[in-house]
Amino acid sequence: MSKSKVKMEDIVSLCKRRGFIYQGSEVYGGLSGTWDYGPLGVALKRNIINFWWKTFVEDRDDMYGVDAAILMNQKVWQASGHVDTFTDPLVECNECGAKHRVDQLGIDEEIFSKTLNAYNNKLKILIKDFTHKIREEKEKNRKFLNLDTSLLEQGILDKNAINIIKEFSENIPEDTASYINLERLSIRIREMRLELIKAKSLEGPIVKEFLQLTNITCPTCKSNNWLTPRKFNMMFKTNVGPVADENSVSYLRPETAQGIFTNYKNVVDSFYPDVPFGIGQIGKAFRNEISPRDFVFRSREFEQMEIEYFIHPDSWEKMFDGWVKGIRMFLKELGLPEDSVHELEVEEADRAHYSKRTIDFEFDFPHKRDELLGLAYRTDFDLGNIQRVSGKNMEYRPKDGSEPFVPHVIEPSFGVERMIVAVLTSAYTEDEINGEKRTYLKLPAHLAPVKVAVSPLLKNKPELVAKAQEVYKMLKKEYGNVMYDDNGNIGKRYRRQDEIGTPYCITIDFDTLEDNTVTIRDRDTAEQKRISAIKIKGTIS
RNA sequence: GCGGGUGUCGUAUAACGGCUAAUAUGCCUGCCUUCCAAGCAGGCGAUGAGAGUUCGAUUCUCUCCACCCGCACCA
């Protein structure tokens, strides 16, 4: 597996030193998986985001933008399947401590299901026994209290038993052995009920026992000594409003896509675009990753740029190919070398069950080759779910009167942070100028945080400074991201600008005062041209 | 989450159970400098957090936090 020759630590160091990216909450010792953007980082990020938006939304006739709320109705995440699929049952190995997803340990489903049935039968027998014993106690006219009334409410006990217990529960209990036994039995029944419910989602003691008995071993250390499997939810949970109860539960969105699907109908109602059309969105998403890693590559708070492209199911292959081409072009303009980008067809077994085709675009990152973005054909899975759960019709009615249909979607999904790492990795370059090493960022000009730096050749010559200020102000007005730099000597300034990827440096010297020409220096070649000051705008792209 | 490693000025490194914690670079002020990190003078700036051992801890021990590597996990 290939990876970049650029070292992540060099990029991290440069990002910190030059004000691109800092550790989140750094003064307090940091917070795992969070990163803050400094002045140059936010500029780079904005440039990437804006370029994406322009390319895929603004410049196209078939695209619409939205910006949905991060907090959404909890039904969104039930309908999308995130409440289930983002709740992974994990089990920890008692020998080596490694954690594994229970559903990936190779459990035989048939045997497991039989086990659960057997357990359920055992439970039924206990309940029968319990009911029977309560009757006996009544006949002996014994009194008892504090039996678990939730068993009654859940309909586990039959009506007769309920009546019997109700009748006695308000009376003072007699302290008898049979009473204690009954109480124990009721607790046990409740426990078993709970265990059974948990086992169905692959957690709890039943699953633990099952793993031991069927001799399922730890993939890491091959031992068969497990702790009790429990759930790990990747979604950040919170409560909306002052009362923290089940109804107020919400989640920070783990992906932005749902904000698009939930607005699909709104956009159609407002604009009634012809199919195919797409909705694009850029925004933050949150995932409580088990282990954030590799600088900003995998963090707990990240930004996505996503499109849901709504199509007629008959045309999906053609549309899919169109997106592959569009993405290739986009990546090229970000300055990513073609031989560092790899398109990986995701096999059926590995892709989401609802996807008929997925391509991962991978990149040779400093840590390893890893996923940069994904392109997935999601069929009508999402709109279908919304239709089912909300009861609202999601069909699209073609203007030509042909058969209505629920549109299928093609989803290109970009991670902003991954783009940034990829762009920095591609841009990070070391070479030599006059025998001296230099480090510079070979950023495409349209992404550079500073587009052009303006310097007076000497800063103790007022006439040069005045002229340089004049040129600086003119360019600042035009481009915005222009820097005035009079630090140290001219060579130093060039190197500083090289390191932050400024493509052009303009120097005002004594000739400028005479014929109004300046020198413009190219970052990559370090070559200079002398041009008329009024032609600067036409020269820098 | 496990195992291993690391944590000292912004960055990269050094040192030490005790004296003012060093060097380079960067940064700030001033001087100088006619095109690729020149020079001079002055200055700012650090032992991740907490506890313990000790007369004294940046150094030893423990806990926590963060990052890096491997494993595992990951639309």
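Scope of the values below: all heavy atoms of this structure, side chains included, with no hydrogens, waters or symmetry mates. Just so it is clear: chains get the letters A, B, ... in the order the sequence lines come, proteins before strands, and each one is counted from 1.
Toward the 5′ end of RNA chain B lies the nearest nucleotide of A:T525, the other residue of the pair A:P366 and A:T525 mapping further downstream. Between A:K16 and A:I490, the one whose closest nucleotide on RNA chain B sits nearer the 5' end is A:K16.
Residues from residues 493-501 of chain A with heavy atoms under 4.0 angstrom of RNA chain B, sorted by number: A:Y494, A:R495, A:R496. Scanning residues 415-423 of chain A for heavy-atom distances under 4.0 Å to RNA chain B yields A:R418.
With a cut-off of 3.5 Å on both Watson-Crick or G-U wobble distances, the partner of B:C16 is given as none. Under the Watson-Crick and G-U wobble criteria, each requiring two contacts below 3.5 Å, nucleotide B:A46 is left unpaired. Remark: B:C71 base-pairs with B:G1. Criterion, Watson-Crick or G-U wobble with two distances under 3.5 Å. Nucleotide B:A41 is matched to B:U29 when pairs are restricted to Watson-Crick or G-U wobble geometry with both distances under 3.5 angstrom. If you check B:U54 for Watson-Crick or wobble pairing at under 3.5 angstrom, you find it has no partner at all.
Atom name C1', nucleotides B:A46 and B:C27: the rounded distance is 15 Å, in whole Å. Nucleotides B:A41 and B:U54, compared at atom P, are 49 Å apart to the nearest Å. Between B:U29 and B:A15, the two C1' atoms lie 31 Å apart (nearest whole Å). Rounded to the nearest Å, the gap between the C1' atom of B:G26 and that of B:G56 is 35 Å.
Shown are A:K492, A:R523, A:R438; of these, the salt bridge (charged side-chain N to carboxylate O under 4.0 Å, His left out) with A:D498 is made only by A:R438.
Between A:F365 and A:F363, the two ring planes are perpendicular [angle over 60°; tilted spans 30° to 60°]. Note on ring orientation: taking the six-membered ring where Trp is involved, the planes of A:F286 and A:F236 are perpendicular (angle over 60°, cut-offs 30° and 60°). The aromatic rings of A:F277 and A:Y264 lie parallel to each other, their planes meeting at an angle below 30°, with 60° marking the opposite boundary.
Using a 4.0 Å heavy-atom criterion, one finds that A:Q23 contacts the sugar-phosphate atoms exclusively. If you check every strand for non-hydrogen atoms under 4.0 Å, A:S13 touches sugar and phosphate atoms only.
Checking B:C69, B:A37, B:C35 against every side-chain atom of A:E436, the shortest atom distance belongs to B:A37. Taking the side chain of A:A526 as heavy atoms from C-beta on, and the options B:C36, B:G10, B:C27, the nearest nucleotide is B:C36. Closest to the side chain of A:R530, out of B:C36, B:C35, B:C68, is B:C35. Looking at the side chain of A:N434, the nearest of the listed nucleotides B:C36, B:C67, B:C35 is B:C36. For A:K492, the side-chain atoms get nearest to B:A37 when compared with the rest of B:C35, B:C36, B:A37.
Under the 6.0 Å cut-off for aromatic ring centres, A:F302 and A:W35 do not qualify, their centroids lying 6.0 Å or more apart.
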Steps toward side-chain hydrogen bond (donor to acceptor under 3.5 Å, both in side chains) verdict (A:T34, A:E301): CA-CA 6 Å; A:T34 62; A:E301 174 178 343; over 6 Å; no
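Geometrically, A:R418 engages A:F297 in a cation-pi contact, judged by NZ or CZ lying under 6.0 Å from the ring centre and within 45° of the ring axis.
Considering only side-chain N and O atoms, A:N460 lies nowhere under 4.0 angstrom from the phosphate OP1 or OP2 of B:C31. For B:C67, the OP1/OP2 oxygens have a side-chain nitrogen or oxygen of A:S32 closer than 4.0 Å.
With 3.5 Å as the limit, one finds no donor-acceptor pair spanning the side chains of A:S355 and A:R378.
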